[in-house]
Chemist: 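Quick one: this structure, given as structure tokens, is what I'll be asking you about.
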Amino acid sequence: MNDNTTMQSTLSAELAALLRERFAAAFPDCPEAASAGRVVPSARPGFGDYQCSDAMQLSRALRLPPRAIAEKVASALPLPDALEKIEVAGPGYLNLTLRPAALAARAAAVADDEERGGVPQSGDGRTVVVDYSSPNVAKSMHIGHIRSTVIGAALANVFRALGYRVIADNHIGDWGTQFGIIIKGYREFADMEALARDPVPELERIYKESNARAREDAAWMEACRLETVKLQQGDPENRALWQDFIRMSRHTFDEIYDRLGIVFDTTRGESWYQPQLAGVVDRLVAAGFAHESRGAVVVDVRDLDPALAEQSRKAVEAARAKGDEESAAREDGKWICIVRKEDGGYNYNTTDFATMETRVREYGPAKIVIVTDDRQIPHFQQLFLVSRRLGIVNPETELVHVAFGTITDENGHPFSTRKGGMPKLKELLDEAASRALAIVREKNPDLPQAEAAALAERIGIGAVKYSDMAMDPITTIRFSWDAVLALQGNSGPYLQYAHARIRSLLAKYAATFPGEAAVDAAPSVSDPLERALARRIVAYPDAVAAVAAKCKPSILAEYLYGLAQDYSAFYQKLPVLKCEDAATRAGRARLCACVAAVLRRGLGLLGIAAPDRM
RNA sequence: GCGUCUGUAGCUCAAUUGGACAGAGCGUCAGCCUCCGGAGCUGAAGGUUGUGGGUUCGAUCCCCGCCAGACGCACCA
């Protein structure tokens, strides 16, 4: 183990490796011992810095009391430089305590690693495709889109930080039957002025109205269908309209993305794959995976897995036994994956197969990560299964569907379209900025107008983003203005505030003690509050790695919140500028600087700004 | 009917994925500004982790059965 370290791995990984060696050496005849040594940060300070509970697990295999096993591992020599002691505690825990100097050096190394962000380069140049945001052309982005956007962008950042080559792809909804409906409506009742002024809401109005008419007027519906067919056959006029709609919509999306600081490496909408769709279906049929059914071409997922077939057969029996023919009929729908519709058109299944295939062929990715709401879980399960069986995706490519919970209204019900649907994303961001501005003005009355507004924007957006990432993606969010825009407690601004306070303190430090070079000092870790901070900093690389492994930015949000909390406790109790002893003062200033660096970096991965003042 | 997800403090969520005494925020109550930024800090109250079994040295976490809610189930994505 190396104290001042090149950051090739995380501290916990190095300690685990050390213990693994010792377990293996102590019990060479036991295969289970060879894989022991898992290490996690200790539950409480009294239990050292890291703990290992594997001795208890091995007790059965080794037929020895857990404490005896732990003792043997703990007493092995020599103790590496970084460790002060290894103790056996409780029923058989191994508690590892770091030497303060080693902890301080390690914390500084993590914070100072500007190039790699203190994070091991486990990606090693492999490729990850991250598919997120994916709004629909001719529809406004609303609060339902923000989770995919924000979570996906954070995951892309994290994979990049870990040394992966990332392809961030915005798979926008720019193809499908809705365009016939819009084109028909556009021809009949478009308000050209409104379209010029603010195109997307007008397109949305056109779609809604045309769609409503199609529902009650069969002739209208047929006309819409014909427009779709014309578009898909390449009719120049319809294609020009369609491209116009895309251009207008993308312009509106880009305004939001600019504001959110979201970037993509590529934007390939569904239409991009359109030329490949016929070939996909042909190959599925040729391979025997797809067949004709009720006029459509379908893949029956049950054909790929006898267990599913059996499960399905039982479900039908159970329904029939109760005379529930409706449920029995529904059963098919769960397993039928339509790849060509009765009318010869293709749908999202076909497009998604083509997308999968293209991504594998073009990028050779180690992972494909797709971020959508949880209603699409069955769709992606089927897509992944069939893609693998057909060989569209090779076994080396990991497929991940990051499913997040839908956003409901304040009462836990879906937002009803009749009552205006989900709040628009732009409205949300405006409201966030405006609430933040009120506070900025109050706290910084002397700040020039433009600066205050810019700052409020960063704070408001930070609040919105944080609230969407602070919890596990699968959690359903009950929308509430007060929760999304919270500026106190577990919130984005709380983290930003902790960071701004440190920056301010460090500026004052530099001005007050120009001779002291805190940069050269080791972070102070003598007080438990300081030590807690250093331990937290050292765990940063583990947090980032965990985000990638679980595809949950919430892990990083949680980590940063803990770091900020620890800092606030430290700040309250231990003086820095007012500390009499120059050496301690420098050590504390250095520790503060390390915290600020990690906060800024972590917030950066979440896509949240870290202003120097607020 | 079948499937997926979820159930943890009054409310919103954590719990390093099987480890030591289940922790935060909001709200409530009591404190902290002659003190580096109070968007802050300290403390109190608040829990049979939906429920009943099982596995384990050890279960919020894994398995089985119930209960409740959300979502999905043939040409939207």
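We name chains A, B, ... by the order of the sequence lines, and we start the count at 1 in each one. Model, not experiment: these values are computed from the prediction.
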Chemist: Using a strict 4.0 Å threshold on nitrogen-to-oxygen distance, state whether A:Asp482 and A:Arg435 make a salt bridge.
Modeler: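 Between A:Arg435 and A:Asp482 there is a salt bridge, with a charged N closer than 4.0 Å to a carboxylate O.
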Chemist: Would you name the heavy atoms of A:Val88 and A:Ala74 that are closest together and state the gap between them?
Modeler: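 Nearest heavy atoms, A:Val88 then A:Ala74: CG2-CB, 3.9 Å.
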Chemist: Tell me which of A:Leu505 and A:Ala315 sits closer to the 5' end of RNA chain B, going by the nucleotide each one is nearest to.
Modeler: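 The residue closer to the strand's 5' end, by nearest nucleotide, is A:Ala315.
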Chemist: A:Lys508 has a side chain; which of B:A14, B:U56, B:C36 sits nearest to it?
Modeler: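 Closest nucleotide to the A:Lys508 side chain: B:C36.
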Chemist: Expressed in whole Å, how much space separates the P atoms belonging to B:C32 and B:C11?
Modeler: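 The answer is 31 Å between these two P atoms.
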Chemist: For the residue pair A:Thr228 and A:Gly180, what are the closest heavy atoms and their distance?
Modeler: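 Here A:Thr228 and A:Gly180 meet closest at OG1-CA, 3.0 Å.
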Chemist: Which parts of nucleotides 66-74 of chain B does protein reach within less than 4.0 Å, heavy atoms only, written one letter per nucleotide 5' to 3' as B for base, S for sugar-phosphate only and - for none?
Modeler: -----SBBB
Chemist: Between A:Gln381 (CD) and B:G3 (P), how many Å, whole number?
Modeler: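 Those two atoms, CD and P, are 13 Å apart.
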Chemist: Using every non-hydrogen atom in the two residues, find where A:Lys139 and A:Phe253 come nearest and quote the distance to one decimal.
Modeler: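 Taking A:Lys139 first and A:Phe253 second, the nearest heavy atoms are O-CE2, 3.8 Å.
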Chemist: Are the aromatic ring centres of A:His142 and A:Phe415 under 6.0 angstrom apart?
Modeler: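 No; A:Phe415 has its ring centre 6.0 Å or more from that of A:His142.
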Chemist: For each nucleotide in nucleotides 15-31 of chain B, reading 5' to 3', give B when a protein heavy atom comes within less than 4.0 Å of its base, S when such contact involves only the sugar-phosphate, and - otherwise.
Modeler: -BBSBBB--SS------
Chemist: Using a 4.0 Å heavy-atom cut-off across all strands, classify A:Leu574 as base, sugar-phosphate, or nothing.
Modeler: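 Base contact - A:Leu574 has a heavy atom under 4.0 Å of at least one base atom.
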Chemist: Distance check, P atoms only: B:G69 and B:U8, in whole angstrom units.
Modeler: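 Each nucleotide's P atom is 14 Å from the other's.
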Chemist: For B:U55, which nucleotide in any strand shown is its Watson-Crick or wobble partner with both distances under 3.5 Å?
Modeler: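 By the stated definition (distances under 3.5 Å), nothing pairs with B:U55.
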Chemist: Looking at A:Arg294 and A:Glu342, does any basic side-chain N land under 4.0 Å from a carboxylate oxygen?
Modeler: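 No salt bridge links A:Arg294 with A:Glu342.
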Chemist: Under a 3.5 Å limit for both distances, which nucleotide forms a Watson-Crick or G-U wobble pair with B:C36, could you say?
Modeler: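 Pairing partner, where one exists within any strand: none, as none qualifies.
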Chemist: Taking atom C1' in both B:G7 and B:G47, what distance in whole Å separates the two?
Modeler: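 These two C1' atoms come out 15 Å apart once rounded.
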Chemist: Quick test of your reading of the model: are A:Lys314 and A:Glu317 salt-bridged, counting only N-O distances below 4.0 Å?
Modeler: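 Looking at A:Lys314 and A:Glu317, the cut-off is not met.
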Chemist: Nearest heavy-atom pair of A:Val402 and A:Cys551: which atoms, and what distance?
Modeler: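 Heavy atoms only, the tightest pair is CG2-CB, 3.6 Å.
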Chemist: Would you indicate whether A:Glu292, at its atom CD, is surrounded by more than 12 heavy atoms from other residues, nucleotides or ligands within a distance under 6.0 Å?
Modeler: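 More than 12 heavy atoms, drawn from other residues, nucleotides or ligands, come within 6.0 Å of this atom.
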Chemist: Charged N to carboxylate O below 4.0 Å: is that the case for A:Asp54 and A:Arg38?
Modeler: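 Answer for the salt bridge query: no.
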Chemist: At less than 3.5 Å, do the side-chain atoms of A:Ser504 and the base atoms of B:G37 form a donor-acceptor pair?
Modeler: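 For A:Ser504, whose side chain was compared with the base of B:G37, there is a donor-acceptor pair (under 3.5 Å).
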Chemist: C1' atom, B:A14 versus B:C61: distance in rounded Å?
Modeler: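 To the nearest whole Å, 13 Å.
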Chemist: What interatomic distance, in whole Å, is found between P of B:G1 and the corresponding atom of B:G65?
Modeler: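 So the two P atoms sit 15 Å from each other.
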Chemist: Roughly, in whole Å, what's the span from OH in A:Tyr497 to C1' in B:C36?
Modeler: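 A:Tyr497 atom OH is separated from B:C36 atom C1' by 11 Å.
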Chemist: In Watson-Crick or G-U wobble terms, both distances under 3.5 Å, what is the partner of B:A44?
Modeler: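 The answer is B:U28, by the H-bond criterion.
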Chemist: Grab the OH-P distance between A:Tyr494 and B:G38 for me, whole Å please.
Modeler: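 Checked: the OH to P distance equals 12 Å.
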Chemist: Rounding to an integer number of angstrom, what distance separates B:G58 and B:C71 when you compare their P atoms?
Modeler: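 Those two atoms are separated by 40 Å.
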Chemist: Determine the interatomic distance between P on B:A22 and the same-named atom on B:U60; round to the nearest Å.
Modeler: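 Their P atoms lie roughly 9 Å apart.
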Chemist: Please give me the minimum heavy-atom distance between A:Leu495 and A:Tyr561, naming the atom from each residue.
Modeler: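 For A:Leu495 versus A:Tyr561, the nearest heavy atoms are CD2-CA, 3.6 Å.
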Chemist: Going by a 90° cut-off around 0, is B:U49 syn or anti?
Modeler: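 This nucleotide is in anti.
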Chemist: Between B:G38, B:C57, B:C35, which nucleotide has the shortest distance from any of its atoms to the side chain of A:Lys578?
Modeler: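 Of B:G38, B:C57, B:C35, B:C35 is nearest to the side chain of A:Lys578.
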Chemist: Counting only Watson-Crick pairs (N1-N3 plus N6-O4 or O6-N4) and G-U wobbles (N1-O2, O6-N3), all under 3.5 Å, who is the partner of B:C2?
Modeler: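 B:G72 is the nucleotide pairing with B:C2.
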Chemist: Write down the partner of B:U17 under the Watson-Crick or G-U wobble criteria, each distance required to be under 3.5 Å.
Modeler: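 Pairing partner: none.
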Chemist: Of A:Gln376 and A:Asp324, whose closest RNA chain B nucleotide lies nearer the 5' terminus?
Modeler: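 With A:Asp324 and A:Gln376 compared, the 5'-side residue is A:Asp324.
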Chemist: Given the C1' atoms of B:A70 and B:A74, what is the spacing between them in whole Å?
Modeler: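 Comparing C1' positions in B:A70 and B:A74 gives a spacing of 23 Å.
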Chemist: Is A:Arg320 paired with A:Glu325 through a side-chain N to carboxylate O contact shorter than 4.0 Å?
Modeler: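 So A:Glu325 pairs with A:Arg320 through a salt bridge.
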Chemist: Hunt down the Watson-Crick or G-U wobble partner of B:A22, both distances under 3.5 Å, from any strand shown, or write none.
Modeler: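 Pairing partner, where one exists within any strand: none, as none qualifies.
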Chemist: Test side-chain hydrogen bond (donor to acceptor under 3.5 Å, both in side chains) on A:Glu516 and A:Tyr509; report intermediate values, then the result.
Modeler: CA-CA 9 Å; A:Glu516 279 182 31; A:Tyr509 175 82; 2.4 Å; yes
Chemist: Can you check whether A:Tyr571 stacks with the B:C36 base, using ring centres under 5.5 Å and planes within 30°?
Modeler: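 So A:Tyr571 counts as stacking on the base.
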Chemist: How close do A:Ser249 and A:Ala138 get, heavy atom to heavy atom, and via which atoms?
Modeler: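 Scanning both residues, the minimum pair turns out to be OG-N, 2.9 Å.
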Chemist: Would you tabulate the pairs of protein nitrogen or oxygen atoms and nucleotide nitrogen or oxygen atoms of nucleotides 7-11 of chain B closer than 3.5 angstrom?
Modeler:
none

